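Notes follow once the structure below has been shown.
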Amino acid sequence: MDYNFREIEKKWQERWAEQQTYRVTEDKSKPKYYVLNMFPYPSGAGLHVGHPLGYIASDIYARYKRQKGFNVLNPMGYDAYGLPAEQYAIQTGQHPEVTTNENIARYREQLDKIGFCFDWSREVRTCSPDYYHWTQWAFERMFEAFYSDAPLPTSPEGEENRPKARPIEQLVAYFEKFGTEGLDQYGVAGSSPSGETEGGFLFTAAEWKAMDAKQKSDTLMNWRIAYLGDTMVNWCPKLGTVLANDEVVDGVSVRGGYPVVQKQMRQWCLRVSAYAQRLLDGLETIDWTDSIKDAQRNWIGRSEGAEIVFQVAGTDQSFTIFTTRADTMFGVTFMVLAPESELVGQLTTAAQKADVEAYLEKVKARTERERMIDKKVTGVFTGSYAVNPFTGEQVPIWVSDYVLSGYGTGAIMAVPAHDSRDYAFAKHFDLPIIPLIEGADVSEESYDAKEGIVCNSQGKDFSLNGLTVKEAIAATKKYVSEKGIGRVKVNYRLRDAIFSRQRYWGEPFPVYYKNGIPTMIPEECLPLLLPEVDKFLPTETGEPPLGNAKCWAWNEQQRQVVDVADIDNENVFPLELYTMPGFAGSSAYYLRYMDPHNSQALVSREADEYWQNVDLYVGGTEHATGHLIYSRFWNKFLFDFGYSVKEEPFQKLINQGMIQGRSNFVYRIKDTNTFVSYGLREQYDTTPIHVDVNIVQNDVLDVEAFKQWRPEYNSAEFILEDGKYVCGWAIEKMSKSMFNVVNPDMIVERFGADTLRLYEMFLGPVEQSKPWDTNGIDGCHRFLRKLWMYAFDKDGQLRGEAGAAPSKEEQKSVHKLIKKVTQDIEAFSYNTSISAFMICLNELNQLKSANREVLKTLVSLLAPFCPHLCEELWEALGETGSVCDAPWPTWNEDYLKEDSVSLTISFNGKARFQMEFPADADNAAIEKAVLENAQSAKYMEGWQHVKTIIVPKKIVNIVLKK
RNA sequence: GCCGAAAUGGUGGAAUGGUAGACACGAGGGACUUAAAAUCCCUUGGCCGCAAGGCUGUGCGGGUUCGAGUCCCGCUUUCGGUACCA
């Protein structure tokens with residue numbers, strides 16, 4: 001009887017479904033363990049062998065933990081909103097929901113064939129109203145919140161004294177009482193800074209009270225966590241929508257590759273920046289790789305510096321700059337404003353007006369892409385001068401696009417001697433360069449390093465000369481604060497997330513505009529369903545696709561969605577036409593899995609307290625600065641209001657590597673239909689052509705299949721080597737156009753799911769990117785067949801005597817395996833543990849072993865990797881229940897002890913020969929024996945013995961000298 | 001530019017500072033078989049040698065150490081991330 005994987009896998013997949021083997025409930029008698037994969041976007045192309053890599057890795061860990069006695073939550077779902085389905089809808093008129101459902105069905109079918117232990121009863125889809133109900137709900141909660149470092153005087157008793165999000169009513173009450181007076185001291189996060197150096201956005205309680213509803217609404221937008229703001233956005237004209245920074249790569253959209261331009265637009269935003277410090281601090285508490293943590297740290301971009309106020313010469317106007325190099329105040333030779341800065345208009349003199357305006361026009365016309373490719377120095381003088389508060393000197397104020405409006409204050413002091421960008425600018429416009437560090441040569445380039453001794457820095461009542469850069473920075477900060485010409489300031493690179501998209505296929509905002517005031521749909525009326533539209537394109541007037549919806553207005557009185565034609569009715573108001581971005585639905589899905597069918601809350605308190613947070617999260621590094629930041633932010637927000645019990649959502653993170661494709665090539669002789677084998681191609685003038693890897697085996701082309709592959713190759717002729725056509729190969733991205741896509745279904749059909757699972761893990765470390773090469777899969781398949789033959793004889797009878805005890809050698813081999821596999825799984829080193837299985841089985845076969853106890857242990861250990869086969873063997877062994885509940889074996893060190901040890905004897909570090917010693921021999925005895933050994937004498941002849949180093953159980957090194 | 005990861009046979013990859021190349025693929029040879037499939041055995045980093053054995057070898061150059069693929073310093077290359085962040 002052979003190993004019939006097709007029958008076995010079908011049988012067990014059916015049985016698991018029938019018996020709901022992987023269904024999990026909140027069982028308080030067991031410790032919990034939460035394993036999560038980043039849920040997939042169900043694309044039309046289906047899965048290729050690269051996709052399940054992470055799922056298999058986490059599935060193995062989930063099964064292992066279950067066997068260890070944990071109650072394991074391992075759910076799966078779909079990130080179902082997205083551009084491809086919508087683009088497809090625009091082209092074909094097919095509703096995105098239809099395509100999405102089809103794709104999901106296909107994904108599910110493919111996933112089911114691989115034998116995952118997902119609890120499908122907990123499946124979530126971001127596009128399902130039960131689900132996006134809670135996405136909308138969270139948005140409303142963020143709208144009704146602001147962020148402050150400390151409670152306000154108007155906060156109720158018992159309000160937590162830590163930086164957190166709080167109900168907006170507290171801020172409103174504060175305005176009622178104090179206006180913006182003194183608001184600064186509570187560290188309130190707002191997009192329009194209320195600090196005294198900024199000016200412009202201060203109001204008294206009386207002024208607040210005098211505001212009408214619209215003005216109050218507009219004002220509060222500056223503090224809400226979810227707010228409407230005018231921001232520069234990445235606008236993709238071709239897609240007709242804005243995109244997040246992580247949706248734009250090299251100035252083009254990730255989806256579709258269309259050009260992206262900068263544009264000022266009124267958008268919904270999330271005040272992620274308020275959480276910058278906590279997002280940074282939280283990294284210390286979680287178990288992620290340093291590379292991902294670093295990526296997030298860089299993205300958040302904390303920098304400590306100072307804000308310093310400069311007066312504009314001849315006026316009473318002033319403006320503030322941010323610098324991390326306060327020590328270079330004496331080297332400031334000009335100032336630069338960002339083109340978008342409001343100051344540009346204020347500071348441009350009449351004489352310079354035309355030049356400045358021309359420059360602004362030019363800058364505006366440049367796309368992000370052009371700016372990135374062409375970094376030549378440009379700028380224009382405003383005509384105004386700023387006064388250096390340290391020296392009283394006047395320096396010109398310029399405008400240039402190398403200064404960004406969104407960072408710091410949108411204005412800088414330029415120190416060309418010690419900043420390479422300022423240096424390039426100064427050289428281009430011939431502005432002075434003053435070196436401030438002893439020995440720094442700035443004739444060719446700037447000296448940017450923050451080290452050295454400061455010079456040329458003597459002011460009226462203040463000198464930095466002789467100090468190190470570090471000391472000088474500190475001294476300047478102190479001076480600036482004391483003199484009231486600035487303050488110490490921490491800046492973050494992290495921006496608020498732009499939260500609206502001009503698309504159809506996304507969560508609708510639960511917002512209507514009541515006389516122009518954005519108003520939330522009452523919580524109890526959620527979810528607000530995505531309306532039907534006839535066209536998925538923007539409207540003729542350029543509004544987003546939801547503008548095509550007929551039934552898209554809100555009747556406040558009836559509390560329901562009504563026809564837009566009713567808008568004349570005084571109770572009917574237009575609904576928001578924007579939809580939410582992709583990351584909206586993927587930001588809190590891990591919480592929903594805990595309690596997916598709850599219609600009263602995102603997650604019940606009880607379920608949340610049981611499951612806490614994700615213990616092991618598996619996914620690709622590409623989400624380092626997108627999803628993994630948004631999710632952490634979102635969860636922290638929910639944590640602040642007690643909706644989530646843990647501040648960090650993902651305790652441990654494993655990043656699986658990418659599976660690259662391995663393409664094959666045939667070589668066509670130019671202008672013929674003759675193909676020459678790889679080894680002979682040099683003799684001809686050939687063109688390499690991609691050939692479908694599925695008709696190539698071990699780099700040998702199936703010539704007949706090739707002729708059938710495409711009509712033009714019907715009459716192809718071949719020049720063979722050794723009777724074979726050998727193909728060339730290369731490692732490339734796995735993609736249809738390279739004909740190197742390997743489909744997991746095909747592998748499952750040919751070798752079985754257990755072989756696929758084993759091989760994907762055997763390929764190399766989970767975290768590492770590696771090419772897929774089907775060639776090696778035989779080895780894994782062979783191992784499973786050998787295991788089958790270990791279990792059964794030719795007649796299909798279980799080998800070995802029932803109840804027979806394993807021999808000492810068998811025990812030793814098996815316990816070695818238990819130890820190795822257990823330790824390797826804990827370290828996610830699956831490839832080496834699979835090797836250990838192979839070694840163990842070879843040892844057992846050497847021993848002519850046939851023992852059911854041994855088999856039972858092997859099956860228990862292999863079950864996480866190859867569940868179908870192990871279920872079959874488990875059943876054959878007469879065990880009841882599923883093998884996923886087989887207790888994890890433990891090893892006994894006694895079996896691993898050796899009677900004797902073989903030591904390598906080396907001389908001056910060079911290994912020469914082996915000697916056997918009793919396991920309990922002491923070092924003195926070993927040294928004596930080695931030195932007296934005849935072989936040793938040979939190597940020691942003419943040398944003098946210095947010392948002997950003995951590494952227990954490994955090596956004896958004799959150190960000699962002449 | 002900056003940050004991060006990596007570099008080991010024909011290939012994927014193993015090696016708590018202790019015999020480099022485990023395990024697997026591929027290749028070569030052999031056994032069984034009418035044949036094929038399957039299975040089993042041997043060889044397989046390079047060089048020298050009939051052999052015993054020797055030399056050499058983990059991207060490059062130094063260093064620490066009795067001993068370095070592993071640690072330190074300086075490079076090269078590749079891959080990821082990020083980019084006028086003052």
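Numbered from 1 within each chain, the chains take letters A, B, ... in sequence-line order. Everything quoted here is computed from the prediction, not taken from an experiment.
Geometrically, A/Arg782 does not engage A/Trp788 in a cation-pi contact, judged by NZ or CZ lying under 6.0 Å from the ring centre and within 45° of the ring axis.
For B/rG9, the glycosidic angle deviates from 0 by 90° or less, giving a syn base.
Taking atom C1' on both B/rG21 and B/rU56, the two are 15 Å apart, rounded to the nearest angstrom. Across the C1' atoms, B/rU76 and B/rG61 are found 11 Å apart, a figure rounded to whole Å. A gap of 22 Å separates the P atoms of B/rA86 and B/rG81, to the nearest Å. For the C1' atoms, the distance linking B/rG67 with B/rG29 amounts to 39 Å, nearest Å. B/rA6 and B/rC60 have their C1' atoms separated by 16 Å, given to the nearest Å. Taking the C1' atoms as reference points, B/rC25 lies 25 Å from B/rU19, given to the whole Å. The P atoms of B/rG46 and B/rU11 are separated by 12 Å, rounded to the nearest whole Å. Between B/rC71 and B/rG9, the two C1' atoms lie 26 Å apart (nearest whole Å).
Taking side-chain N and O atoms only, A/Lys910 has a distance below 4.0 Å to OP1 or OP2 of B/rU56. OP1 or OP2 of B/rA86 sits under 4.0 Å from a side-chain N or O of A/Tyr407.
When both distances must be under 3.5 Å, the Watson-Crick or G-U wobble mate of B/rG10 is B/rC25. Base pairing of B/rU16: no nucleotide in any strand meets the Watson-Crick or G-U wobble criterion (both distances under 3.5 Å). Across all strands shown, B/rG4 is found opposite B/rC79 as a Watson-Crick or G-U wobble partner, with both distances under 3.5 Å. For B/rC40, the paired base is B/rG30 (Watson-Crick or G-U wobble, both distances below 3.5 Å). Shown here, B/rG45 forms a base pair with B/rU56; the pair counts as Watson-Crick or G-U wobble because both key distances fall under 3.5 Å. Of the nucleotides present, none pairs with B/rA68 by Watson-Crick or G-U wobble criteria with both distances under 3.5 Å. Using Watson-Crick or G-U wobble geometry with both donor-acceptor distances under 3.5 Å, B/rA51 finds no partner in any strand shown.
Backbone-only contact: A/Tyr939 has heavy atoms under 4.0 Å from sugar-phosphate atoms and none from a base. Among the atoms of the strands shown, base atoms are found under 4.0 Å from some heavy atom of A/Val403. Residue A/Arg785 is in sugar-phosphate contact alone, with no base atom involved, counting any heavy-atom pair closer than 4.0 Å across all strands shown.
In this structure, A/Ile308 places its CD1 atom 14 Å from P of B/rA86, rounding to the nearest Å. In this structure, the CG atom of A/Asp2 is 16 Å from the P atom of B/rA37, given to the nearest Å. For the pair A/Trp788 CH2 and B/rU39 C1', the computed distance is 17 Å after rounding to whole Å. Note: CE (A/Met658) to C1' (B/rG80) measures 9 Å, nearest angstrom. In this structure, A/Glu445 places its CD atom 12 Å from C1' of B/rG1, rounding to the nearest Å. Counting to the nearest Å, the P atom of B/rG54 and the CD atom of A/Gln935 are 9 Å from each other. Following rounding to the nearest Å, A/Ile473 (CD1) and B/rA86 (P) show an atom-to-atom distance of 12 Å. Taking atom OH of residue A/Tyr3 and atom P of nucleotide B/rU39, one finds them 14 Å apart after rounding to whole Å.
Residue pairs that meet the salt bridge (charged side-chain N to carboxylate O under 4.0 Å, His left out) test with at least one member in residues 403-418 of chain A, sequence neighbours left out, do not exist here.
Under the ring-ring contact (aromatic ring centres under 6.0 Å, His included) criterion, A/Phe322 pairs with no residue, sequence neighbours left out. Under the ring-ring contact (aromatic ring centres under 6.0 Å, His included) criterion, A/Phe913 pairs with no residue, sequence neighbours left out. Looking at residues two or more places apart in sequence or on another chain, you find no ring-ring contact (aromatic ring centres under 6.0 Å, His included) involving A/Tyr407. Evaluation of the ring-ring contact (aromatic ring centres under 6.0 Å, His included) rule for A/Tyr492 yields no partner, not counting sequence neighbours.
Surrounding CD of A/Glu445 are at most 12 heavy atoms belonging to other residues, nucleotides or ligands under 6.0 Å away.
The residue among A/Asp401 and A/Glu622 whose nearest nucleotide of RNA chain B is located toward the 5' end is A/Glu622. Nearest-nucleotide assignment on RNA chain B puts the 5′-proximal partner with A/Ala295, out of A/Arg495 and A/Ala295.
At a threshold of 4.5 Å between non-hydrogen side-chain atoms, the residues A/Gln823 and A/Trp891 count as touching. Within the 4.5 Å cutoff, the side chain of A/Trp772 has heavy atoms near those of the A/Glu760 side chain.
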Quick one: what's the B/S/- string for nucleotides 5-25 of chain B, heavy-atom cutoff under 4.0 Å, read 5' to 3'?
-------BSSSB-BB--BBSS

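Interatomic distance, CG of A/Leu841 versus CD of A/Gln846, reported as 11.0 Å (0.5 Å rounding).
Checking B/rU56, B/rU82, B/rC3 against the side-chain heavy atoms of A/Asn298 singles out B/rC3 as nearest.
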